[in-house]
S.K.: 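What follows is a single structure, and I will ask about it in a moment.
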Amino acid sequence: MSGTRRRPPRRTGSGSRAAGARGRRRSGTQKRWIDYPRAGRTGPRRWLPSWRQVLASLLFCVGGLAAAVGYAYATTTIPDPNPSTLLQNNVYYWSDGTVLATDGSVNRENVTLAQVPKDVQADFIAAENASFYTDPGIDPQGIARALVHMAEGGDVQSGSTITQQFVKNTYLDQSQTLSRKFRELLISAKIGASMSKQQILQGYLNTCYFGRQANGVQAAARVYYGLPVEKLTVSQGAFLAAAVNEPSLFQYADADPRARSQAQARWSWVLDRMVTTGSLTQAQRARIAAAGFPAPRKWAPGSGLTGQAGYLVQLARSYVQAHDPGITDSGLSRGGYQIHTTFDRKKTAELAKAVAQVRAERLDPAHRAADRDVQAGAASVDPATGRIVAVYGGLGYQQAHYADNADTSGVPVGSTFKPVVLASALQYGAVLKPGTTPAPITPASRFNGDDGIQIKDRQGNYVTDDKDPTGLLHQHNDTSHRWGYISLRTAMEQSVNTPYVQLGEDVGYGDVAGTAKTLGLRPESLAAPSAGFYIGTSTPSAIRMAGAYATFAASGMRATPYSVTEVTHDGAVLPGFTVPAPVRALPAAVADNVTDVLRGVIARGTGTRARALGRTAAGKTGTTDDYRSAWFIGYTRQLATSVVLFKEDPAHPQLQSLAGVGGLQKVFGGDIPTEIWTRYMRDALAGLPDLPFPAPASLGHGSDEPGVPSPSPTRAPAKHPGGRPGKRTTTTAAPKPGPPSTGTKCRPHKCR
């Protein structure tokens with residue numbers, strides 16, 4: 001039996017049929033790629049996805065989203081900054097470094113991060129983005145918080161990183177939409193990968209809005225605390241970091257109790273955050289708390305360029321553009337310039353005060369028609385350096401008076417031009433007889449001072465005048481007083497015209513005009529050749545006239561008046577603003593002799609009101625035909641100041657007569673202008689020593705105008721051989737060189 005082979009069992013018929021049925025089912029139904037609704041399930045289970053399906057769907061969505069984000073990131077470029085973020089203001093500084101004014105459409109002054117104290121940087125980082133130096137520029141937790149807030153029905157919120165805020169401020173608009181938010185995230189990621197943290201923080205601090213129309217931390221430091229950002233304390237920085245959070249409310253923390261309370265709470269929170277982040281110790285925090293809340297200063301919205309600020313800014317802008325043609329109006333409108341001026345805050349206020357006081361005391365436009373439309377201009381210059389320390393340009397932009405009376409041309413200078421003629425004569429001499437060489441002139445030289453005399457030119461011909469019935473010029477003085485032949489010193493002291501018109505003709509237009517230019521008067525301001533040129537038909541500005549007289553004060557060294565010491569743009573110092581060096585304009589002997597003559601104008605001439613200054617000074621009055629302008633220009637060793645008074649209706653821009661102004665029948669430079677000058681100089685020079693002028697060197701013997709009679713005869717006793725008095729004989733005294741005559745004093749009603 002053991003060798004017998006066993007046969008396999010035979011399949012039954014029923015088993016074979018079952019296998020065939022399963023095969024038919026498999027071949028008759030195709031398998032789906034996504035089994036949904038799920039096969040083989042009935043009821044609700046048929047619609048429930050399997051865990052594999054859930055996982056696959058999730059992976060697909062995440063992958064798709066990642067791909068979309070990756071594509072969006074790859075195709076996103078960093079846009080150009082918004083044009084508005086490139087706009088800054090221009091900042092003008094007083095000579096002491098404090099801010100004089102700002103101008104521009106946007107109150108922003110960009111600074112480098114190095115200018116912002118480390119503690120102040122830490123204020124903002126603690127308040128806004130503690131992980132700033134470690135995060136990639138976006139904050140997932142912040143984004144999650146924003147999404148939750150939106151889901152709860154709130155507004156779209158910022159992701160809150162400093163990088164994102166910088167991107168929003170610089171490259172995007174302020175709209176609160178998902179599309180803008182998405183772009184912000186993408187650009188922030190790009191910025192975080194391409195810019196350093198220092199660059200981002202600097203850009204953020206320069207573009208934040210702080211309220212009070214201040215864009216950027218520098219503008220905020222100035223408007224809230226009157227300080228440059230470099231001088232902010234950590235406590236003040238904490239307030240500014242708080243102000244970024246709610247600028248529209250915190251800008252009123254100086255006056256509104258509610259705003260102050262909330263600002264103080266936020267300030268305290270910022271300091272607490274600094275302790276948390278390790279930027280402050282508890283002891284430092286306690287000391288800051290003990291010092292108290294750093295209340296911002298009072299805010300005057302829209303104060304603008306009031307008072308003299310508008311004229312000072314205008315003067316500085318003109319100087320900047322004249323010395324750097326690359327600085328255009330359009331460039332200045334974009335801002336970013338820091339302009340350091342020579343203007344002295346205290347002296348500017350004192351000059352404006354002097355004008356205001358004299359106007360209030362002497363003028364009454366409400367009750368006296370003649371006092372309406374009276375204008376004043378003034379300028380004050382340092383003779384040693386040429387620094388323009390103060391100007392008075394008018395009533396101010398707030399009074400719709402935009403023309404700077406200190407820097408305008410068109411107002412004749414009158415007799416204040418006579419010292420220029422004298423200086424030219426002392427230096428070049430005068431042709432007293434046709435065909436001869438110039439003869440030496442000194443202050444003692446004598447010329448005809450009578451009214452109505454005829455004037456001759458260097459060729460000996462009478463000067464013509466179409467307006468005179470005779471066709472010849474008959475030069476007039478202010479009065480018909482018969483002076484006879486008087487010294488140039490006396491003619492200057494009493495402001496007699498005829499000697500200086502004849503002297504000017506004898507010196508010659510070319511030399512006198514050349515001296516005027518050498519003293520700093522602009523060629524375009526000088527009148528054409530005429531007899532009137534020598535007594536002030538030219539129209540230099542008050543600034544230029546102060547500069548010319550400053551040259552006399554400096555013994556002939558001319559320091560060109562200037563108003564700007566330094567200009568920077570976005571922190572870089574610009575070339576071309578080197579302080580002008582003084583140059584020799586006149587020989588010292590000439591300048592000092594002119595000063596000596598002008599001292600007599602104050603001591604015993606038309607400028608005696610200036611004696612109230614009570615210190616050594618020299619000066620000259622000036623009045624023009626029909627009293628269309630009145631001047632006084634005077635100086636000490638430390639300061640030269642010019643003051644002009646004129647009358648002009650803004651609706652009809654032409655000079656009017658000053659007759660009747662202040663109740664005076666005639667208005668001379670020795671009156672209101674001299675009073676303004678004296679009041680200002682008294683305040684401006686307070687505390688400074690009274691410095692004497694250098695003694696004038698002798699110019700030798702000067703020549704007189706032809707026709708001067710011999711000196712009056714004098715009697716000298718004849719000597720007896722025995723020494724006894726004998727018969728008196730008549731002798732003629734020869735002119736003696738040496739100190740000039742003081743001249744004859746005029747009666748007060750004949751002076752001007």
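Counting begins at 1 with the first residue of the sequence.
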S.K.: Hey, is Arg489 close enough to Asp596 for a salt bridge, meaning N to O under 4.0 Å?
M.R.: yes
S.K.: Applying side chain to side chain contact (heavy atoms under 4.5 Å, CB included) to Leu613 and Trp677, what does each step give before you reach the verdict?
M.R.: CA-CA 9 Å; Leu613 178 62; Trp677 182 91; 3.7 Å; yes
S.K.: Counting N and O atoms only, with roles assigned by atom type, does the side chain of Thr624 sit under 3.5 Å from a partner on the main chain of Ser629, one being a donor and the other an acceptor?
M.R.: yes
S.K.: Only one of Val313, Thr348, Ile339 forms a side chain to side chain contact (heavy atoms under 4.5 Å, CB included) with Leu100, so which one is it?
M.R.: Val313
S.K.: Okay, side chain of Asp511, backbone of Ser424: is any donor-acceptor separation there less than 3.5 Å?
M.R.: no
S.K.: Got a donor-acceptor contact below 3.5 angstrom from the Thr678 side chain to the Thr674 backbone?
M.R.: yes
S.K.: Between Glu675 and Arg362, is the closest basic N to carboxylate O distance under 4.0 Å?
M.R.: yes
S.K.: Determine yes or no for a side-chain-to-main-chain donor-acceptor pair under 3.5 angstrom, with Arg387 supplying the side chain and Val381 the backbone.
M.R.: no
S.K.: Should Ile543 and Leu315 count as side-chain neighbours, where that means a heavy-atom distance under 4.5 Å?
M.R.: yes
S.K.: What's the verdict on side chain to side chain contact (heavy atoms under 4.5 Å, CB included) for Val564 and His340, showing C-alpha distance, side-chain angles and the deciding distance?
M.R.: CA-CA 6 Å; Val564 174; His340 299 262; 5.9 Å; no
S.K.: Taking only residues two or more places apart in sequence or in another chain, which ones pass ring-ring contact (aromatic ring centres under 6.0 Å, His included) with Phe646?
M.R.: none
S.K.: Check whether any side-chain N or O of Lys647 sits under 3.5 Å from a backbone N or O of Ala370 as a donor-acceptor pair, and report yes or no.
M.R.: yes
S.K.: Applying ring-ring contact (aromatic ring centres under 6.0 Å, His included) as the test, list every pair that has at least one member in residues 516-546; sequence neighbours left out.
M.R.: Phe417-Phe533, Tyr509-Phe533
S.K.: Salt bridge (charged side-chain N to carboxylate O under 4.0 Å, His left out) for Glu350 and Arg345? Distances and angles first, verdict last.
M.R.: CA-CA 9 Å; Glu350 289 166 343; Arg345 178 200 291 264; over 6 Å; no
S.K.: Spell out, as yes or no, whether a donor-acceptor pair under 3.5 Å connects the side chain of Thr595 to the backbone of Ala591.
M.R.: yes
S.K.: Are Asp671 and Arg609 within salt-bridge range, i.e. N to O under 4.0 Å?
M.R.: yes
S.K.: For the pair Ser525 (side chain) and Leu521 (backbone), establish whether a donor and an acceptor sit closer than 3.5 Å, ignoring hydrogens and angles.
M.R.: no
S.K.: Give a yes or no answer on whether the side chain of Arg446 reaches the backbone of Ser487 with a donor-acceptor pair at less than 3.5 Å.
M.R.: no
S.K.: Any Lys/Arg nitrogen of Glu493 or Arg604 sitting under 4.0 Å from an Asp/Glu carboxylate oxygen of the other?
M.R.: yes
S.K.: Any side-chain heavy-atom pair from Asn448 and Pro499 closer than 4.5 angstrom?
M.R.: no
S.K.: Taking the six-membered ring for Trp, are Tyr319 and Tyr562 parallel (under 30°), tilted (30 to 60°) or perpendicular (over 60°)?
M.R.: tilted
S.K.: Do Leu598 and Met492 pass the side chain to side chain contact (heavy atoms under 4.5 Å, CB included) test, and can you show the C-alpha distance, the side-chain angles, and the key distance before you say yes or no?
M.R.: CA-CA 7 Å; Leu598 297 184; Met492 184 75 75; 3.9 Å; yes
S.K.: Does Asp457 use its side chain to pair, donor to acceptor, with the backbone of Val463 at less than 3.5 Å?
M.R.: no
S.K.: What pairs with Tyr397 under ring-ring contact (aromatic ring centres under 6.0 Å, His included), at least two apart in sequence or on another chain?
M.R.: Tyr311, Tyr402
S.K.: Begin with the C-alpha distance, continue with both residues' side-chain angles, and end with the deciding distance and a verdict on side chain to side chain contact (heavy atoms under 4.5 Å, CB included) for Phe343 and Tyr92.
M.R.: CA-CA 10 Å; Phe343 307 131; Tyr92 300 81; over 6 Å; no
S.K.: Looking at Arg317 and Asp103, is there a salt bridge between them, counting it only when a charged N and a carboxylate O are closer than 4.0 Å?
M.R.: yes
S.K.: Gln638 side chain to Pro689 main-chain N or O, any donor-acceptor pair under 3.5 Å?
M.R.: yes
S.K.: Does Asp450 pair with Arg482 as a salt bridge, N-O distance under 4.0 Å?
M.R.: yes
S.K.: May I ask you to decide whether Arg212 forms a salt bridge with Asp254, counting only side-chain N to carboxylate O separations under 4.0 Å?
M.R.: yes
S.K.: Side chains of Val597 and Val594, heavy atoms from C-beta outward: is any pair under 4.5 Å?
M.R.: no
S.K.: With distance as the sole criterion, is a donor-acceptor pair present between the side chains of Gln314 and Asp407 under 3.5 Å?
M.R.: no
